[in-house]
Amino acid sequence: MTHDNGYGKPCPDCGEPMSNTPSLNLRQCATGCKEKFDWKLAQGQAPLFGNNRQTAKEAV
């Protein structure tokens, strides 16, 4: 199974799609083994949820 098929990133253990839970910093296997994996943002990556004030530019 590949993440290109629209079902999400594959589980490293069983290959089934995983669901994202960004507020908990977790990914969980959705249909297979149900294993949970830590999910950390890359260095400098913006938060995955929030309001538009986080990325708004200041008026000049």
Side-chain angles (χ1 to χ4, degrees):
M1 182 166 259
T2 67
H3 67 281
D4 294 350
N5 62 11
Y7 292 117
K9 186 173 180 139
C11 174
D13 289 347
C14 68
E16 291 296 313
M18 293 195 307
S19 60
N20 301 332
T21 54
S23 61
L24 300 175
N25 293 329
L26 288 175
R27 279 192 171 126
Q28 181 175 6
C29 181
T31 59
C33 64
K34 306 287 188 192
E35 187 67 35
K36 295 178 183 173
F37 301 93
D38 287 338
W39 182 28
K40 304 293 182 194
L41 295 176
Q43 185 71 23
Q45 184 178 358
L48 300 175
F49 59 95
N51 61 39
N52 63 351
R53 293 179 181 176
Q54 291 177 303
T55 57
K57 303 283 185 202
E58 188 173 314
V60 179

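Position 1 is the first residue of the sequence, and the numbers go up from there. Just so we're clear, the structure is a prediction, and the values are computed from it rather than from any experiment.
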Item to check | Asp13 vs Phe37 side-chain heavy atoms within contact, under 4.5 Å | outcome: yes

Item to check | Side chains of Cys33 and Cys11 in contact at under 4.5 Å (non-hydrogen atoms) | outcome: yes

Give every donor-acceptor pair under 3.5 Å between a side-chain atom in residues 25-32 and any protein atom, sequence neighbours left out.
residue : atom : partner : partner atom : Å
Arg27   : NE   : Asn20   : OD1          : 2.9
Gln28   : NE2  : Lys34   : O            : 3.4
Thr31   : OG1  : Glu16   : OE1          : 3.1

